[in-house]
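Some notes on the structure that comes next.
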Amino acid sequence: MRLFDTLTRTDRDLRPIDGTTFRFYCCGPTVYGPAHIGNFRTFVLQDVFRRTLETGGTRTLHVRNITDVDDKTIRDSQKAGKSLSEFTAAWTAKFHADCEKLGLLPPHIEPGAVAHIPQQIDMIARLIAKGHAYASEDGSVYFKISSFPGYGSLSRLDERELDLGKTQNARSSSDEYEKDSLSDFVLWKARRPEDGENFWQSPWGEGRPGWHLECSAMIEEYLGDSFDLHSGGVDLVFPHHENEIAQSQCACGGHFAAHWFHITHLLVDGGKMSKSLGNLYTLEDLAAKGFSAMEVRYVLIGAHYRKPLNFTLESLSGAREALAKLAKGARQLAAKVEPGTLLSSADFGPFQNAWNSLNNDLNTPGALGGIFTGLREAAHLSGAEAAAALAGLNRLLRALGLTLPEEAAVESVEIPADVHALAEKRWQARLAKNWAESDVLRGQLTELGWSMKDGKDSYALEKIS
RNA sequence: GGCGGAGUAGCCAAGUGGUAAGGCAAUGGUUUGCAAAACCGUCAUUCGAGGGUUCGAUUCCCUCCUCCGCCUCCA
């Protein structure tokens, strides 16, 4: 597949460096609360990315970390009166549950920062030995940006008016640590009183690792000094990924990530999502409004990953209808195929365009459009062609990670006796072609909060929500 | 202010130097006592505004307007 690369700003073909397995790393969540749909846009697109590679026959190694120590996890665990590990374990479990609902494939490896402190300390020691880092008097360690000429290549720092020297004066008064240059970033944070019990021993004294370091250390541990792709939300380009490049290339040599895949942020109702605006949605918030995680997933893949996606409740309703339409189309296609037919998956039949879209810079909305168009074409197919089309459709749905809703599962709701009696009465009136009375009775049912829909030989009662 | 991205029908949203995918909503018809459901249709002379290049631009260039992101630990 071809994918846009943030570093070179070009579309490039993806080929595993080692020729067999595509190895990639995704910056995972900081577990101090429930992830919101903006976080999940990134994780869902990374999931579609992986599924597309695998559907195309490429084996993958997917590593995604859990950030379980930083300012926020420490602060909020203290607020909650829990130990850091107890606190982050609970939110990690919640994250996993949400991921499963969204149909996200679990990463092959999911390392946590706290479990990799020795590796982080080792990396810092190497950076100091090579002259890329220095310890300050308080026991913190900083990366010396001036020691790495390549710094800023990913975010094009040299083209920005970010004068690393100049900003120092303006901000040094509020800086709590002692750095040579303000732009230098922290690798090891000396223990502070507010850290409570959350500190570890190091050659530089008690403290904890800086945020940027964990990814570099875990990448080295599981992917080595060179690997295929690194991914995250756009906000991580600077400084997080920039710092990772500096740390890893200086400590390990190697070229680090061969490709950078960044997902653009989600907008809600045309603007930034924020708690104060009341539009920061978690899966739970949306479930409370009656929307399933799969409907959320459909909306999230409904826009190209490099364009802003405007999330609205209206688009969620649209997703429900669209999924139902897809499910119906899939059922109709399946009905044309003899049960037991061996489904060929050599090509995608009428869904070839959809598959091509997915492989052309992960164009998920293009792929969805192609599926609906393909479904229309597939309606005219039969026999082996229909079987091949069905196979193609199934592969595509798997690549997108979409699980289609089952045929209208009738919910068994308790129907009050008076409602039931009224309905029976109306049904009899209707059978007697007494339309006037029939309509009056339906009006009464409506007032009780029930709608009555007539079928050929029976009727259905539905609670009006 | 610097850098980056975006403005396509009521909403979500693809796409292309050659005359606008798809989904939702809406709407017409068939059907149904009427509804609902289902099925079959319709639905952007136009792509933020104004210039330019071109036989031809929504697509390339310039200017302007609006929105969004990043600018030191936010996916």
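Lettering follows sequence order; numbering is per chain, from 1.
In this structure, A:Val48 and A:Leu400 approach most closely via the heavy-atom pair CG2-O, 3.8 Å.
Using a 4.0 Å heavy-atom cutoff across all strands shown, A:Asp439 reaches at least one base atom of the nucleic acid. Using a 4.0 Å heavy-atom distance criterion, A:Pro365 is classed as a base contact. Counting non-hydrogen atoms under 4.0 angstrom, A:Arg75 reaches nothing in the nucleic acid. Within 4.0 Å of A:Arg320, counting heavy atoms only, lies no atom of the nucleic acid at all. In this structure, A:His304 reaches the sugar-phosphate backbone alone: every heavy-atom distance under 4.0 Å involves primed, P, OP1 or OP2 atoms, never a base. Within 4.0 Å of A:Ile263, counting heavy atoms only, lies no atom of the nucleic acid at all. Residue-level contact check: A:Gly369 touches the bases, meaning some heavy atom is under 4.0 Å from a base atom. If you check every strand for non-hydrogen atoms under 4.0 Å, A:Gly38 touches a base. Nucleic acid contact class of A:His265 (heavy atoms, under 4.0 Å, all strands): base.
Comparing B:A44 with B:C12, their C1' atoms are spaced 15 Å from each other, to the whole Å. B:G2 and B:G15 have their P atoms separated by 30 Å, given to the nearest Å. As rounded to the nearest Å, B:A21 and B:U58 have P atoms that lie 15 Å from one another. Nucleotides B:G41 and B:G51 are separated by 41 Å at their P atoms, to the nearest Å. When the P atom is used for both B:U45 and B:A9, the distance is 10 Å, rounded to whole Å. Across B:U27 and B:C43, the matching C1' atoms stand 8 Å from one another, rounded to whole Å. When the P atom is used for both B:A38 and B:C24, the distance is 11 Å, rounded to whole Å. Comparing B:A35 with B:G29, their P atoms are spaced 10 Å from each other, to the whole Å.
Annotation: of the two residues near RNA chain B, A:Thr42 and A:Val299, the 5′-most nearest-nucleotide partner is A:Val299. Residues A:Arg9 and A:Asn360 both approach RNA chain B. Their nearest nucleotides, taken by heavy-atom distance, put A:Arg9 toward the 5′ side.
In this entry the distance linking CD of A:Glu244 with P of B:U72 reads 18 Å, nearest Å. Atoms CG (A:Leu316) and P (B:C11) sit 17 Å apart, rounded to a whole Å. One atom, CG of A:Leu358, and another, C1' of B:A14, lie 13 Å apart when rounded to the nearest Å. The nearest whole Å value for the distance from the CG atom in A:Asp269 to the P atom in B:C67 is 17 Å. Atom NE2 of A:His380 is separated from atom C1' of B:C40 by 13 Å (rounded to the nearest Å). Rounded to whole angstrom, the span from the CG atom of A:Asp184 across to the C1' atom of B:C73 amounts to 15 Å. A:Tyr305 has its OH atom 13 Å from the P atom of B:G5, to the nearest Å. Rounded to an integer number of Å, the gap from CG of A:Asn356 to P of B:G22 is 17 Å.
Nearest to the side-chain atoms of A:Ser438 among the listed nucleotides B:C11, B:U72, B:G33 stands B:G33. Taking only side-chain atoms of A:Lys453, from C-beta outward, the nucleotide of B:A35, B:C70, B:G5 with the closest atom is B:A35. Here the nucleotide nearest the side chain of A:Val234, chosen from B:G5, B:G69, B:A75, is B:G69. Of the listed nucleotides (B:A75, B:G33, B:G7), B:A75 has the atom at the smallest distance from the side chain of A:Leu266. With B:A6, B:C12, B:A75 as the candidates, the nucleotide lying closest to the side chain of A:Asn39 is B:A75. In the set B:G33, B:A6, B:A13, B:G33 carries the atom at the smallest distance from any side-chain atom of A:Arg426. Checked against B:C73, B:C34, B:G5, the side chain of A:Arg442 finds its nearest nucleotide in B:C34.
Residues of residues 427-436 of chain A having a heavy atom closer than 4.0 Å to RNA chain B, listed by number: A:Arg430, A:Trp435.
Both cation-pi conditions hold for A:Arg64 and A:Phe43: the charged atom is under 6.0 angstrom from the six-membered ring centre and inside a 45 degree cone around its axis. Because its NZ or CZ atom is not both nearer than 6.0 Å to the ring centre of A:Phe199 and within 45° of the ring axis, A:Arg208 does not count as a cation-pi partner of that residue.
Note on A:Arg9 versus A:Asp5: no salt bridge recorded, every NZ/NE/NH1/NH2 to OD/OE distance being 4.0 Å or above. Ion pairing between A:Lys189 and A:Asp138 fails under the 4.0 Å rule for side-chain N and carboxylate O.
Helical stems involving RNA chain B, defined as 3 or more consecutive Watson-Crick or G-U pairs under 3.5 Å, span B:1-7 with B:65-71, B:10-12 with B:22-24, B:26-30 with B:38-42, B:48-52 with B:60-64.
Between A:His241 and A:His230, the gap from one ring centroid to the other is short of 6.0 Å. For A:Phe227 and A:Phe256, the ring centers are positioned less than 6.0 Å apart.
Ring geometry for A:Phe148 versus A:Tyr151: interplanar angle over 60°, hence perpendicular rather than tilted (30 to 60°). Using a 30° and 60° split on the angle between ring planes, A:His116 and A:Tyr222 fall in the perpendicular class, above 60°.
A close approach under 4.0 Å does occur between a side-chain nitrogen or oxygen of A:Asn310 and OP1 or OP2 of B:C12. Within the 4.0 Å cut-off from OP1 or OP2 of B:G15, at least one side-chain nitrogen or oxygen of A:Asn363 is found. When the side-chain nitrogen and oxygen atoms of A:Lys272 are compared with OP1 and OP2 of B:C74, none of them lie within a distance under 4.0 Å.
Side chain of A:Arg395 to main chain of A:Thr55: a donor-acceptor pair is present (N/O by atom type, distance under 3.5 Å, no hydrogens or angles). A donor-acceptor pair under 3.5 Å is formed between the side chain of A:Lys336 and the backbone N or O of A:Leu381. A donor-acceptor contact shorter than 3.5 Å is absent between the side chain of A:Asp228 and the backbone of A:Phe24.
Using a 3.5 Å distance cut-off with no hydrogens or angles, the side chains of A:Gln247 and A:His132 do not pair a donor with an acceptor.
A 4.5 Å side-chain heavy-atom check between A:Gln120 and A:Met123 finds every atom pair outside the cut-off.
Paired with A:Thr73 under the rule side chain to side chain contact (heavy atoms under 4.5 Å, CB included), one option of A:Asp68, A:Thr67, A:Thr30 passes, and it is A:Thr30.
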Restricting both atoms to N or O, compile the protein contacts to nucleotides 23-30 of chain B shorter than 3.5 Å, with distance only.
{"from": "B:G23", "atom 1": "OP1", "to": "A:Lys325", "atom 2": "NZ", "distance (Å)": "3.0"}
{"from": "B:G23", "atom 1": "OP1", "to": "A:Arg376", "atom 2": "NH2", "distance (Å)": "3.1"}

